[in-house]
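Okay, so here's the structure we're looking at.
Naming: A, B, ... by sequence-line order, numbering from 1 per chain.
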Protein chains: 2
Amino acid sequence: MSRRPTLKDIARETGVHVSTVSRALDPQKRSSLTEEIVVKIRQAADRLGYRPNRIAFSLRKQKSMTVGVMIPDITNMIFPPIVRGIESVMEPLGYASIIVNTDGDSDRERRLTETLQERGVDGIIHTAVLRSDPNIVEAARQGLPVVTLNRKVEEAEIPYVINDEEAGIRMIFDHLHDHGHRRIAHLAGPRDLSTGLLRREAFCSVARDYGLSADALVIEEACRFEEEEGRRCAKEILSRSPETTAILCANDRLALGAMDYCARNGHPCPDKISITGFNDMPFLDLIPPGLTTVRIEQFDAGATAARLLVQMIDGCDGKVPRETVLPVSLKCRNSVLRIETDH
Amino acid sequence: MSRRPTLKDIARETGVHVSTVSRALDPQKRSSLTEEIVVKIRQAADRLGYRPNRIAFSLRKQKSMTVGVMIPDITNMIFPPIVRGIESVMEPLGYASIIVNTDGDSDRERRLTETLQERGVDGIIHTAVLRSDPNIVEAARQGLPVVTLNRKVEEAEIPYVINDEEAGIRMIFDHLHDHGHRRIAHLAGPRDLSTGLLRREAFCSVARDYGLSADALVIEEACRFEEEEGRRCAKEILSRSPETTAILCANDRLALGAMDYCARNGHPCPDKISITGFNDMPFLDLIPPGLTTVRIEQFDAGATAARLLVQMIDGCDGKVPRETVLPVSLKCRNSVLRIETDH
DNA sequence: TTGAAAGCGCTAACAT
DNA sequence: ATGTTAGCGCTTTCAA
């Protein structure tokens with residue numbers, strides 16, 4: 001249990017200076033040394049079981065090879081794939097990720113941002129729910145590389161990666177319309193979350209394109225992206241507008257809640273009402289009747305954000321696109337019924 | 001975008017020595033300074049927006065205030081709650097966690113263990129699937145604090161936190177037996193995963209207690225904890241032993257797969273066959289008919305492991321129990337039918 | 001009560 | 001091609 005060997009130990013062992021050892025162990029500068037001494041040093045390093053001390057490295061180079069990943073809550077199933085996407089590009093480059101859960105709490109978020117900065121992270125990937133967040137913007141303004149995921153950033157020159165929410169809503173609206181649905185209600189997400197707002201706006205926009213007037217639209221807004229809110233809003237929609245044939249939900253959990261409510265109250269999906277989701281979370285295949293939804297490539301989103309961040313860290317800020325929009329796709333299961341058009 | 005202020009900057013600003021600044025900012029040693037100068041220093045620190053450099057701190061104190069968390073795969077839904085449990089005790093103490101995914105790959109695991117050590121983690125929480133893992137054991141032997149989750153460790157003096165698998169299997173077996181089931185098959189997990197083996201052994205042990213001879217037991221072993229394997233093994237069980245009235249599965253995903261197979265092949269659960277799971281993963285409520293399973297408190301498991309690790313880091317090794325067994329509970333839904341006993 | 005100086009392990013500019 | 005030296009930002013003896 002003796003302490004880890006350092007360059008100094010290897011230097012003593014091989015009778016050279018520590019800087020020589022440092023050079024011998026650095027693939028970049030190895031070339032400027034005698035083959036013979038390099039071999040000797042590497043052997044000694046192996047023999048002693050030398051492992052570089054990244055902390056000392058970080059202090060010296062002012063580079064921690066660490067990035068911060070801020071997410072609302074890792075237990076929300078959409079985030080693990082994002083995290084793995086980030087890891088898939090960061091880890092091979094030698095970066096470690098410190099993942100923090102903000103719980104959407106802005107106070108907590110501020111503290112965590114500070115913590116990450118104290119730890120000298122080289123950059124931050126900020127997977128946002130809240131549409132505005134001063135702390136991270138401030139950090140970015142101070143020169144810390146930041147990339148935002150899932151949120152358009154107006155405040156600063158922060159590059160962001162988003163999914164094509166608008167296209168997704170359009171796809172699924174088209175899909176419903178193609179199946180004869182004309183009375184399509186929207187079970188919207190919270191307006192203060194970016195996805196909630198974006199999808200709602202997209203819904204209105206698409207509906208307008210189909211010639212529906214804005215005030216004729218049935219929209220019910222959930223307070224949170226949770227099943228319980230899905231149930232509540234489904235009830236509201238059904239009572240306010242009984243002729244509704246389809247509910248286009250802002251995400252899968254709301255849709256699942258809506259389905260559950262409808263099933264328990266004489267409107268089984270899809271026979272009596274069609275319901276759609278957004279996200280395509282895992283295990284949807286196992287939940288009857290099978291939710292038709294919009295698939296988002298979470299892993300890719302994470303990987304893309306990571307690649308952008310690395311570019312920024314490497315100082316290629318100029319080449320980093322301000323906006324990256326990732327394609328989404330329609331995932332058809334069995335929650336949409338083809339119905340007769342009225343006329 | 002000027003660089004972050006350091007102790008030296010505050011020293012210059014206030015006209016004192018950096019060591020004085022260091023003391024003034026350390027709650028522990030503040031007492032040995034003049035009230036007046038402490039105030040002056042703290043004000044200057046605030047004004048400059050001073051944030052301590054944890055990397056320099058780490059190098060000096062040989063303590064990174066960072067722990068490594070090794071898990072197989074964060075996208076496996078049982079792990080996020082564990083991670084949050086760990087975070088819930090670590091973060092308030094000032095520790096950050098570096099989470100790494102091993103994918104059950106022993107080579108990857110070796111590399112990641114080294115990476116964590118290079119980064120000077122103060123300890124590691126190792127959430128294992130594989131029953132044996134030389135790398136982490138070696139690290140522990142070298143004096144690195146290590147706590148293992150979900151796995152009994154024979155190899156070394158590593159403290160471990162496990163769930164009471166045996167009690168869980170017994171509960172659910174009792175439950176099935178109480179409901180009249182006598183022909184209970186076991187859909188076992190992979191034998192090389194700790195939970196797979198433990199639950200299988202528990203099943204055999206309980207069956208023996210009920211007077212069933214070992215060679216009469218119907219056991220089918222899955223190669224992986226996945227739905228597809230659940231389907232395959234369910235088919236196998238049904239064809240080998242058509243009189244089976246209940247399948248006790250080693251985890252929820254296997255149970256879900258088994259349910260799916262049975263439903264599609266004329267044995268709907270629970271009417272024709274009763275099926276049980278293990279873990280109580282999220283969303284089980286939404287999947288009909290509702291899987292009866294054993295609930296594991298993943299969050300608590302993570303928190304418990306974290307508390308043990310902190311104790312070890314603090315040098316209280318003596319007081320750390322070698323074994324911690326967490327209670328589990330029965331979660332009844334609707335996948336078990338009461339049937340008539342034969343006699 | 002405060003200052004001076006050393007050093008954690010490493011890299012890099014400069015010197016030889 | 002290798003050695004010398006300084007220093008990243010901090011804590012901590014030892015002196016005063």
Side-chain angles (χ1 to χ4, degrees), chain A residues 2-42 44-45 48-66 94 114 117-122, chain B residues 2-42 44-45 48-66 94 114 117-122:
Chain A
S2 58
R3 90 197 182 330
R4 274 165 53 192
T6 69
L7 289 188
K8 208 194 279 183
D9 297 318
I10 302 179
R12 190 178 331 101
E13 192 84 357
T14 52
V16 299
H17 195 266
V18 307
S19 60
T20 309
V21 179
S22 173
R23 284 189 273 254
L25 264 25
D26 180 347
Q28 303 283 324
K29 331 201 148 159
R30 195 163 24 240
S31 50
S32 71
L33 294 188
T34 319
E35 178 65 18
E36 178 199 10
I37 200 153
V38 170
V39 170
K40 192 166 68 174
I41 289 173
R42 299 188 64 182
L48 297 180
Y50 173 78
R51 302 271 86 212
N53 182 326
R54 299 267 172 235
I55 293 175
F57 172 93
S58 297
L59 181 59
R60 178 65 233 239
K61 293 283 278 298
Q62 300 291 43
K63 187 148 196 293
S64 63
M65 295 304 284
T66 304
E114 278 187 356
Q117 288 184 277
E118 289 182 5
R119 285 175 176 277
V121 293
D122 298 328
Chain B
S2 57
R3 90 199 184 325
R4 274 165 52 194
T6 69
L7 289 188
K8 207 194 280 184
D9 296 319
I10 301 180
R12 191 179 327 104
E13 192 84 356
T14 53
V16 299
H17 195 264
V18 310
S19 59
T20 309
V21 180
S22 172
R23 285 189 271 254
L25 266 23
D26 180 347
Q28 303 284 324
K29 333 203 144 155
R30 194 163 27 239
S31 51
S32 69
L33 295 189
T34 319
E35 179 65 16
E36 177 198 11
I37 200 156
V38 170
V39 170
K40 192 166 68 174
I41 289 173
R42 299 188 65 183
L48 297 180
Y50 172 77
R51 301 270 85 212
N53 182 327
R54 299 265 173 238
I55 294 176
F57 171 93
S58 298
L59 182 58
R60 178 64 232 240
K61 295 282 281 297
Q62 300 289 43
K63 186 150 196 296
S64 63
M65 295 304 283
T66 304
E114 280 187 355
Q117 288 184 278
E118 289 182 5
R119 286 175 175 277
V121 293
D122 298 329

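To the nearest 0.5 angstrom, Glu118(B) atom CD is 8.5 Å from Tyr50(A) atom OH.
Applying the side chain to side chain donor-acceptor pair (under 3.5 Å) test to Arg4(A) and every residue at least two apart in sequence or in another chain returns nothing. Under the side chain to side chain donor-acceptor pair (under 3.5 Å) criterion, Arg119(B) pairs with Thr66(A), sequence neighbours left out. Contacts of Lys63(B) classified as side-chain contact (heavy atoms from CB on, under 4.5 Å), with partners at least two apart in sequence or in another chain: Lys61(B), Met65(B), Tyr95(B), Asp122(B), Ile313(B). In this structure Lys8(A) satisfies the side-chain contact (heavy atoms from CB on, under 4.5 Å) test together with Thr6(A), Val18(A), sequence neighbours excluded. The side chain to side chain donor-acceptor pair (under 3.5 Å) test applied to Glu114(A) returns Arg51(B), not counting sequence neighbours. Under the rule for a side chain to side chain donor-acceptor pair (under 3.5 Å), Thr20(B) has no partner lying at least two apart in sequence or in another chain.
Comparing the axis of the opening five pairs of the helix from dT1(C)-dA16(D) to dT16(C)-dA1(D) with that of the closing five pairs yields an angle of 50°, rounded to 10°.
Put simply, CZ on Arg3(A) is 11 Å from C1' on dC8(C), counting in whole angstrom units. Straight-line distance from the CD atom of Gln117(B) to the C1' atom of dG9(C): 17 Å, rounded to whole Å. Distance Ile41(B) CD1 to dG3(C) C1': 12 Å, rounded to the nearest Å. Atom P of nucleotide dA1(D) and atom CZ of Arg30(A) are separated by 15 Å, given to the nearest angstrom. With rounding to whole Å, Gln28(B) atom CD is found 17 Å from dT13(D) atom C1'. Atom NZ of Lys63(B) is separated from atom P of dG7(C) by 24 Å (rounded to the nearest Å). One interatomic measurement links the two molecules: CD1 of Ile55(B) to P of dG9(C), which rounds to 16 Å at whole-angstrom precision. Nucleotide dC8(C) holds its P atom 22 Å from the CZ atom of Arg119(B), rounded to whole Å.
Thr20(A) has a side-chain polar atom (N or O) that falls below the 4.0 Å cut-off from OP1 or OP2 of dG3(D). OP1 or OP2 of dT2(C) sits under 4.0 Å from a side-chain N or O of Thr34(B).
Toward the 5' end of DNA chain C, the nearer of the two residues Gly15(B) and Gln62(B), judged by each one's closest nucleotide, is Gly15(B).
Two residues are said to be in side-chain contact when any heavy atoms from C-beta on lie closer than 4.5 Å; Ile55(A) and Ser64(B) meet this criterion.
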Identify all side-chain donor-acceptor contacts of residues 25-33 of chain B below 3.5 Å with residues at least two apart in sequence or on another chain.
{"from": "Asp26(B)", "atom 1": "OD1", "to": "Gln28(B)", "atom 2": "N", "distance (Å)": "2.8"}
{"from": "Arg30(B)", "atom 1": "NH1", "to": "Ala24(B)", "atom 2": "O", "distance (Å)": "3.1"}
{"from": "Ser32(B)", "atom 1": "OG", "to": "Lys29(B)", "atom 2": "O", "distance (Å)": "3.1"}

Practice item. Take nucleotides 10-16 of chain C nucleotide by nucleotide from the 5' end and write B, S or -, depending on whether a protein heavy atom sits under 4.0 Å from the base, only from the sugar-phosphate, or from neither. Key: BBBB---

